[in-house]
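These notes are about the structure you will find just below.
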Amino acid sequence: MHSAADIDFRFDTRARTTINPAWVEALMSSANSPTGLRIVPEPDPAAEVDPIAAASWPTSTI
């Protein structure tokens with residue numbers, strides 16, 4: 001998708017949902033990893049999550 005492309009979201013209802021910040025952090029960590037964005041399971045929003053571990057980054061054995 002080009003950065004100049006317009007995106008239009010349409011919803012069936014006006015109800016607002018809460019975005020899970022731990023999941024967003026895990027997705028961002030995954031996207032910035034050497035393997036790129038991978039969909040990771042949504043963590044419990046109440047649990048404190050290490051986003052790098054949640055994104056399953058490759059570990060180095062150096």
Single-linkage hydrophobic cluster Val40~Leu37, side-chain heavy atoms < 4.5 angstrom
yes
Common cluster, Ile19/Phe9, ILVMFWY with side-chain heavy-atom separation under 4.5 Å:
no
Roughly how far, to the nearest 0.5 Å, is CG of Asp44 from CH2 of Trp23?
13.0 Å
Spatial distance of atom CG (Asn32) from atom CG (Leu27) [nearest 0.5 Å]:
11.0 Å
Tell me if a side-chain donor or acceptor on Ser29 pairs with a main-chain N or O of Glu25 at a distance below 3.5 Å.
yes
Determine which pairs satisfy salt bridge (Lys or Arg N to Asp or Glu O under 4.0 Å) with at least one residue from residues 7-17, sequence neighbours left out, and list them in order.
Asp8-Arg10
